[in-house]
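Beneath this line is the structure, given in structure tokens, with notes to follow.
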Amino acid sequence: RKRNIRNVKAIFTDDMLTVMADDLNVEMNLRRALDLDEFELYYQPQIDCQSGKVIGFESLIRWNHPERGLVSPVEFINLAESTGLIIPIGEWVITQAFQQLEKWNVNKQVEFTLSVNISPRHFLDVRLYDFLKQSLETYQVNPKNLNIEITENVAMEGLTQVQYRMSKLHELGITVSIDDFGTGFSAFQYLQHFPVQGIKIDRQFIRDIAENEKSMGITKTIIDLGKMMKLNIISEGVETVEQWEILKKLGCPQLQGYYFSKPMPLKEIENWLNQYQH
Ligand code: C2E
Ligand code: CA
Ligand code: CA
Ligand code: CA
């Protein structure tokens, strides 16, 4: 028995205690960040591949940390998900998105779409449907202009659960897209079983599409398949005009990437739209 206790002690190294303390700290800080309004949405344009025109934006969260400056979502979204804080954070994101979409689209001839990232845990939570329904009643927003992006991980929770959640969102008129398409092993099963309206081709295939015939072949296949299934298709991570040209030839409907613009804070968007030539 004594030996066991000694072993347990040995397992908790100083490093691990530091890691756990850090996690607790981050959780407290995330909570505080919500209260103090330290999160900010950046927006990256989504482009019509044939014409080059802006069709909408994807919102991407940032954390304006008082000491660390701008913190990337890859540093805190997973932790927010594991603590459950992802629900209030996701609701904050949705509210911002609705407010922005209303500003962009009310009394305008050209309507923008807005894509919002929702974590698997939030996607599977009953509160998501209610919150979206409520938001649709509060803001003058056409639900077809709101798109929810989810990653393939969501499928780990089981087919019927995910299908049910998706069908509830369809009732509201909101579309759902699969993010990072092609990176999970279940990509085809996903299309077979889930009623999604769009896919985003992961940038790992786009990155070397001009040099690597395999990447080009995979991308072409995904585009053809997506079109056959009447899905919206966006290629992510377009960084060069060559990539754009190839994707145009392959018939990809929509593009997103640094070639057009990095994600921008709201205050830069109007200027960017004014100087963007297309
Ligand atoms: P994602 O949804 O796949 O978003 C695309 C990421 O690629 C973004 O990173 C974007 O800035 C970056 N990106 C866009 N174009 C290019 C390009 O041409 N080249 C390269 N190298 N990168 C490009 P970001 O903003 O750091 O976001 C990282 C991830 O964090 C997102 O991946 C998404 O999974 C998650 N995330 C971001 N915002 C939210 C949010 O509001 N809620 C949730 N749950 N997750 C979010
Ligand atoms: Ca996304
Ligand atoms: Ca993605
Ligand atoms: Ca991603």
Side-chain angles (χ1 to χ4, degrees), residues 30 33-34 38-47 49 54 56-64 69-100 113-125 127-128 131-132 146-154 175-184 187 190 196 198-210 219 222 232-244 247 252 254-266 268 272:
L30 282 173
L34 259 177
E38 288 176 359
F39 292 114
E40 183 177 359
L41 287 188
Y42 275 45
Y43 295 87
Q44 185 177 35
Q46 297 181 320
I47 307 292
C49 184
V54 180
F57 295 88
E58 176 182 13
S59 70
L60 295 150
I61 197 168
R62 305 286 182 260
W63 179 5
N64 288 305
L70 207 61
V71 180
S72 149
V74 290
E75 290 193 50
F76 63 88
I77 285 295
N78 282 346
L79 202 95
E81 170 131 18
S82 69
T83 60
L85 273 175
I86 196 67
I87 310 275
I89 292 175
E91 290 180 345
W92 179 86
V93 168
I94 291 167
T95 301
Q96 298 291 309
F98 270 93
Q99 288 175 350
Q100 195 47 47
T113 59
L114 187 55
S115 293
V116 170
N117 294 285
I118 294 294
S119 290
R121 180 163 177 176
H122 194 184
F123 189 78
L124 296 164
D125 192 285
R127 285 167 283 182
L128 180 65
F131 195 84
L132 287 168
L146 191 77
N147 178 247
I148 294 212
E149 296 188 3
I150 51 168
T151 52
E152 291 167 332
N153 313 344
V154 82
T175 58
V176 179
S177 296
I178 311 173
D179 209 344
D180 305 340
F181 186 83
T183 56
Y190 216 106
V196 295
I199 50 181
K200 297 188 79 172
I201 305 177
D202 194 76
R203 75 162 174 272
Q204 79 176 74
F205 303 115
I206 309 302
R207 189 162 37 217
D208 58 357
I209 196 172
T219 305
I222 297 176
N232 187 38
I233 308 157
I234 304 187
S235 290
E236 289 194 281
V238 177
E239 295 185 355
T240 67
V241 72
E242 289 79 26
Q243 291 166 345
W244 182 6
L247 289 161
C252 181
Q254 298 180 6
L255 310 173
Q256 198 180 332
Y258 292 169
Y259 178 72
F260 303 98
S261 170
K262 293 200 167 180
M264 294 171 272
L266 206 49
E268 286 175 18
W272 183 85

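Order of appearance sets the numbers: ligands from 1, and atoms from 1 within every ligand. All values derive from a computational prediction rather than experimental measurement.
- Note on ligand 1: R62 sits in its first shell, one or more heavy atoms being nearer than 4.0 Å.
- One distance of note links CD1 of I199 with CG of D179; it measures 11.5 Å at 0.5 Å rounding.
- Of the candidates I206, D179, I118, T183, D179 brings a heavy atom nearest to atom 1 (P) of ligand 1.
- When side chains are defined from C-beta on, L255 does not count as touching Q243, because their heavy atoms never get closer than 4.5 Å.
- E58 counts as a contact of ligand 1, since one of its heavy atoms falls under 4.0 Å from the ligand.
- Between I178 atom CD1 and I150 atom CD1 the span is 7.0 Å, to the nearest 0.5 Å.
- The shortest N or O to N or O distance between R203 and ligand 1 is below 3.5 Å.
- The shortest N or O to N or O distance between P73 and ligand 1 is not under 3.5 Å.
- Take a cut-off of 3.0 Å around the Ca ion (ligand 2): the protein N, O or S atoms inside it are E58 OE2, N117 OD1, E149 OE1, D179 OD2.
- Between Y259 and ligand 1, no N or O atom pair is found at a separation short of 3.5 Å.
- For the 3.5 Å distance criterion, the side chains of E58 and Q44 fail to qualify, holding no donor opposite an acceptor.
- Ion pairing between E91 and R127 fails under the 4.0 Å rule for side-chain N and carboxylate O.
- Of the polar atoms of S119, at least one N or O is found under 3.5 Å from an N or O of ligand 1, judged by distance alone.
- Ligand 1 lies within reach of E236, whose nearest heavy atom is under 4.0 Å from it.
- Counting heavy atoms under 4.0 Å from ligand 1, residue V93 touches it through the side chain alone.
- The minimum heavy-atom distance between Y190 and T151, with the atom names listed, is OH-O, 3.7 Å.
- Contacts of I77 with ligand 1, taken as heavy-atom pairs under 4.0 Å, involve the side chain alone.
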